[in-house]
Amino acid sequence: MPELPEVETIARDLRPHLTGSRIGAVRIHKSDVLRNATPAAFARALAGRRITEVSRRAKHLVLLLDDGLRLVIQPRMTGSLTVARNPHRDPYAVLDFALGGTRHLVYRDVRRLGAVLLLSPARWEAYTARLGPEPLAPGFTAARLGRALEGGRLAVKKALMDQRRLAGVGNIYANEALWIARIDPSRPAAEIRATEVARLHRAVRGVLRRAVAGRGTTVRDYRTGTGQPGAFQGRLAVYGRAGEPCLACGRHLALTHAIDGRATYFCPWCQS
DNA sequence: ACGAGGTCCTGCGAGC
DNA sequence: TGCTCGCAGGACCTCG
């Protein structure tokens, strides 16, 4: 679920609560999300550490600790992170860090497809180097997007969602951006013309920025860092609207699973 | 060098 | 009402 706007919202919400906080007791309710540490080693590495910085990279939340290690949390489909006071019993709570007083940072993940990593500075460098550019960074130009789409005949929608080519775009915003840019999601990425790349560049950045302003899209599980649903789901133009009228031309929107097996919503008329 | 499909998990809504 | 089936925001892998 959480794509760039959702993780950005979580990071902004958590930052004032976490920055400077010391992690007390670490409770691991489900250990299968820990991808590179045993539960004992994980708890030992975190307990007593101070959080010095809260940031986002792609769809990952990154907590920098005072010993240089980074706690990287990738919520994938159903993960959420909130700061709560005296968290109530929740069968889907996965991790719980006491923060002093009554505050806790809780990672909740129904399907537990999420990933939690503890990375040294060197491993972090290697990790972030494999991810593509940040689409909202000032230096992300249309030419840069054009380069990300180069090579191979893969569908442009798949290229947009490929985290090595471009960071942070998932299924919802790939659908939205392609509709805004009036580009057929199944077209080979390498065949998108320069004028279309320019439209797509504007569309991707525009929809991501508006979704951040709207505090993300809640389809089902996503919650902001304060535990609220996002507000952008009411402003989606195509995602989840199969059979409903296209907001541009009024014809019926279509749904296919032919691209990568993922739900692709599009207007067969506007995006052809 | 691709794409297709299975895998990790659980829950929910549709359909029978 | 109660079952089974397919699908869900992601990303990894193997196979052909």
Q: Quick one: Arg76(A) CZ to dT10(B) P, roughly how many Å, whole number?
A: 16 Å

Q: So that I can tick it off, tell me whether Arg15(A) and Glu53(A) are bridged by a salt bridge, with the cut-off set at under 4.0 angstrom between side-chain N and carboxylate O.
A: no

Q: Consider the side chain of Val110(A), meaning its heavy atoms from C-beta on, and name the nucleotide among dG11(B), dG3(B), dC7(C) that approaches it most closely.
A: dG11(B)

Q: Provide the distance between the two C1' atoms, one in dG6(C) and one in dG5(B), to the nearest whole Å.
A: 16 Å

Q: What distance do Leu18(A) atom CG and Leu61(A) atom CG have between them, rounded to the nearest 0.5 Å?
A: 8.0 Å

Q: Using the P atom as the point on both nucleotides, what is the distance between dC7(C) and dA4(B), in whole Å?
A: 16 Å

Q: Salt bridge between Arg111(A) and Asp221(A), side-chain N to carboxylate O under 4.0 Å?
A: no

Q: Specify the separation, in whole Å, of atom CZ of Arg262(A) and atom P of dG10(C).
A: 5 Å

Q: Check for a donor-acceptor pair, side chain of Arg205(A) on one end and backbone N or O of Ala137(A) on the other, with a separation under 3.5 Å.
A: yes

Q: Nearest to the side chain of Gln163(A), which nucleotide is it out of dA11(C), dG9(C), dT10(B)?
A: dA11(C)

Q: Pick the nucleotide of DNA chain B nearest each of Leu113(A) and Ala258(A); which residue has the one closer to the 5' end?
A: Ala258(A)

Q: Do Asp32(A) and Lys30(A) meet the salt-bridge criterion of a basic N to acidic O distance under 4.0 Å?
A: no

Q: For the pair made of CG in Leu166(A) and P in dA11(C), what is the distance, rounded to whole Å?
A: 12 Å

Q: Are Arg56(A) and Glu8(A) within salt-bridge range, i.e. N to O under 4.0 Å?
A: yes

Q: Is it true that, when you exclude Arg35(A) itself, more than 12 heavy atoms of the residues, nucleotides or ligands shown sit nearer than 6.0 Å to its CZ?
A: yes

Q: Could you work out which one of dG10(C), dA11(C), dG3(B) sits closest to the side chain of Asn171(A)?
A: dG10(C)

Q: Within the structure shown, what part of the strands sits under 4.0 Å from Ala115(A) by heavy-atom distance: base, sugar-phosphate, or nothing?
A: nothing

Q: For dT7(B) versus dC5(C), give the span between their P atoms, rounded off to a whole number of Å.
A: 16 Å

Q: Between dA8(C), dG11(B), dG9(C), which one does the side chain of Tyr92(A) approach most closely?
A: dG11(B)

Q: Among Tyr265(A), Trp179(A), Tyr173(A), find the one that has a ring pair (Phe, Tyr, Trp, His ring centres under 6.0 Å) with Tyr239(A).
A: Tyr265(A)

Q: Checking only heavy atoms, does the side chain of Arg112(A) share a donor-acceptor pair with the base of dC9(B) at less than 3.5 Å?
A: no

Q: Is any side-chain N or O of Arg111(A) under 3.5 Å from a base N or O of dA8(C), one able to act as donor and the other as acceptor?
A: yes

Q: How many whole angstroms separate atom CZ of Arg164(A) from atom C1' of dA1(B)?
A: 12 Å

Q: Which whole-number value in Å describes the distance from Leu154(A) CG to dA1(B) C1'?
A: 11 Å

Q: Taking only side-chain N and O atoms of Lys59(A), does any of them lie within less than 4.0 angstrom of OP1 or OP2 on dG9(C)?
A: no

Q: Taking atom P in both dG9(C) and dG13(B), compute the distance separating them and give it to the nearest angstrom.
A: 15 Å

Q: Once you round it to whole Å, what is the distance between C1' of dA8(C) and CD of Glu6(A)?
A: 15 Å

Q: With heavy atoms under 4.0 Å as the rule, sort Arg220(A) into base, sugar-phosphate or nothing.
A: base

Q: What stems, by residue range, does DNA chain C take part in, given at least 3 consecutive Watson-Crick or G-U pairs under 3.5 Å?
A: B:2-8 with C:10-16, B:10-16 with C:2-8

Q: OP1 or OP2 of dG10(C) less than 4.0 angstrom from a side-chain nitrogen or oxygen of His60(A), does that happen here?
A: no

Q: Calculate the interatomic distance between Met77(A) atom CE and dT10(B) atom C1'; express it in whole Å.
A: 11 Å

Q: Round to the nearest Å and state the distance from Tyr265(A) atom OH to dC7(C) atom P.
A: 11 Å

